[in-house]
Amino acid sequence: MKTLFIDSSRKSLSIALQKDDELLFVSNVDSYSKHSNYLMNEIKSILEKFDLKPNDIDNYVVLNGPGSFTGIRVGVTVCKTIAWTLSKKIYKLNNLEALKVGIEDDVVISVIPDKKNASYVGIYSDNYTCEDYLELSSDKLKFNSKNITLVSMEDNEYLQSLKDMLQTSNNINVKIINDYDYLKVINYALSKQSINPHSLVPIYLKKIDAEKKKNEN
């Protein structure tokens, strides 16, 4: 069983190839806002390296944000098109969920920074899940659990303010990771239900003006 993983939501374009439970190859390209110039060539290069054709891939896993507006569209569109054209299974995972994979604690909070007092936040515990755009004043950031892990790829003001806010009544561990654990993330995505390619939509990092106004009213 071969799986191709694509994440185009960040500055670095990431593509990974997995066979069964073995991670065969990971490509990280610092293509910034030019993912569309590199993605198809990187996929082609990886497949050729292992003497594979697109039809040899059984599953496609894509991270659909939150992230860069242009970047996410590139990865999502390519994955949807290939999966639909070749009748392959496609699995989606958002970046907040991917951040917390492999971390065991009473509560895991993943953070994708936006600005000083508000960011995209995923909250995960045994009986509760929340993935939302949260200000520090949100009631969703109040917990009874004592052990909490904050995980992010960036150490920013929101993360530190959240840590300080929670520190008084909880044991807080901050984990800054450099990259995803691709093997665990892919296996986690494959443990979910595959989706109809047409239902796959991006989650953008920045809220569009219309959405901001709607939330304010």
ask   = Side chains of E131 and Y124: donor-acceptor distance under 3.5 Å anywhere?
value = yes
message = When you compare the side chain of L159 with that of E154, does any pair of heavy atoms fall below 4.5 Å?
response = no
message = Can you list everything that forms a side chain to side chain contact (heavy atoms under 4.5 Å, CB included) with N41? Sequence neighbours excluded, please.
response = none
query = To the nearest 0.5 Å, how far apart are CD1 in I90 and CH2 in W84?
reply = 13.0 Å
request  = Please answer whether the main-chain N or O of L134 pairs with a side-chain N or O of D132 as donor and acceptor at a distance below 3.5 Å.
outcome  = no
note = d(L52 CG, K19 NZ) to nearest 0.5 Å is 8.5 Å
query = Taking side chain as C-beta onward, heavy atoms only, is L99 less than 4.5 Å from V108?
reply = no
ask   = What distance do I203 atom CD1 and Y120 atom OH have between them, rounded to the nearest 0.5 Å?
value = 8.0 Å
Backbone N/O of N64 and side chain of N94: donor-acceptor pair under 3.5 Å = no
query = Between NE2 of H35 and CG of L13, what distance do you get to the nearest 0.5 Å?
reply = 5.5 Å
inquiry  = Does Q160, at its CD atom, have more than 12 non-hydrogen atoms belonging to other residues, nucleotides or ligands within less than 6.0 Å?
reply    = yes
task = Indicate the atoms forming the closest heavy-atom contact of I186 with A16, along with that distance.
result = CD1-CB, 4.2 Å
message = Looking at every heavy atom in both N95 and S9, which two are closest together, and how far apart are they?
response = ND2-OG, 2.7 Å
inquiry  = Return the CE to NZ distance between M153 and K175, rounded to the nearest 0.5 Å.
reply    = 11.5 Å
Distance, nearest 0.5 Å, that separates CG of L162 from CG of N117 = 11.5 Å
ask   = Counting N and O atoms only, with roles assigned by atom type, does the side chain of N59 sit under 3.5 Å from a partner on the main chain of K89, one being a donor and the other an acceptor?
value = no
message = Is there a continuous path of hydrophobic side-chain contacts, each under 4.5 Å between heavy atoms, that joins V185 to L96?
response = yes
inquiry  = Please determine whether residues V201 and V74 belong to a single hydrophobic cluster, defined as Ile, Leu, Val, Met, Phe, Trp and Tyr linked transitively by side-chain heavy-atom distances below 4.5 Å.
reply    = no
ask   = Do Y182 and D7 have a side chain donor and acceptor closer than 3.5 Å?
value = no
inquiry  = Tell me the closest heavy-atom pair linking Y128 and K140, and the distance in Å.
reply    = OH-CG, 4.0 Å
query = Same cluster for V151 and L166 if Ile/Leu/Val/Met/Phe/Trp/Tyr side chains link at under 4.5 Å?
reply = no
request  = State whether the side chain of K88 and the backbone N or O of N55 hold a donor-acceptor pair below 3.5 Å, judged by distance alone.
outcome  = yes
query = Does a side-chain N-to-carboxylate-O contact under 4.0 Å join D155 and K163?
reply = no
key: Whether over 12 other heavy atoms sit under 6.0 Å from D51 CG   = no
request  = Test L17 against I57 for side-chain contact (heavy atoms from CB on, under 4.5 Å), laying out the working first.
outcome  = CA-CA 9 Å; L17 177 64; I57 303 299; 3.8 Å; yes
message = Does any part of the side chain of K49, heavy atoms only, come nearer than 4.5 Å to the side chain of L24, both counted from C-beta?
response = no
query = Do K80 and Y60 come within less than 4.5 Å of each other through their side chains, counting heavy atoms only?
reply = no
Nearest atoms (heavy-atom pairs only) where L200 meets K92 = CD1-CB, 3.6 Å
ask   = Just by distance, with hydrogens left out, do T3 and Y91 show a side-chain donor and acceptor under 3.5 Å apart?
value = no
ask   = Does a side-chain N-to-carboxylate-O contact under 4.0 Å join D139 and K142?
value = yes
task = Output all residues satisfying side chain to side chain donor-acceptor pair (under 3.5 Å) with E42, sequence neighbours left out; order by chain, then residue number.
result = S27
ask   = So, the side chain of D20 versus the backbone of M1: is there a donor-acceptor pair under 3.5 Å, distance only?
value = yes
query = Should we say atom CD of Q167 is surrounded by more than 12 heavy atoms from elsewhere, each under 6.0 Å from it?
reply = yes
inquiry  = Donor-acceptor check, side chain of S119 to backbone of D114, threshold 3.5 angstrom: yes or no?
reply    = yes
message = Taking I6 as the starting point, is it possible to reach F50 by hopping between hydrophobic residues whose side chains are less than 4.5 Å apart?
response = yes
request  = Please identify each residue that fulfils side chain to side chain contact (heavy atoms under 4.5 Å, CB included) with D181, with sequence neighbours left out.
outcome  = L183, K184
message = Side chains of N147 and N171 only: does a donor on one sit below 3.5 Å from an acceptor on the other?
response = yes
ask   = Taking all atoms of both residues into account, what is the closest heavy-atom pair of A98 and Y180, and its distance?
value = CB-CE2, 3.5 Å
ask   = Are V78 and F25 linked, directly or through other ILVMFWY residues, by side chains that come within less than 4.5 angstrom of each other?
value = yes
ask   = Does G71 offer a backbone N or O that forms a donor-acceptor pair with the side chain of S8 under 3.5 Å?
value = yes
inquiry  = Between D179 and R10, is there a side-chain heavy-atom distance shorter than 4.5 Å?
reply    = yes
key: Student check: side-chain heavy atoms of I109 and F143 closer than 4.5 Å   = yes
I15 and L39, any side-chain heavy atoms less than 4.5 Å apart = yes
ask   = Can you check whether N170 reaches V107 side chain to side chain, under 4.5 Å on heavy atoms?
value = no
query = Between Q18 and N187, does any side-chain donor sit less than 3.5 Å from a side-chain acceptor?
reply = yes
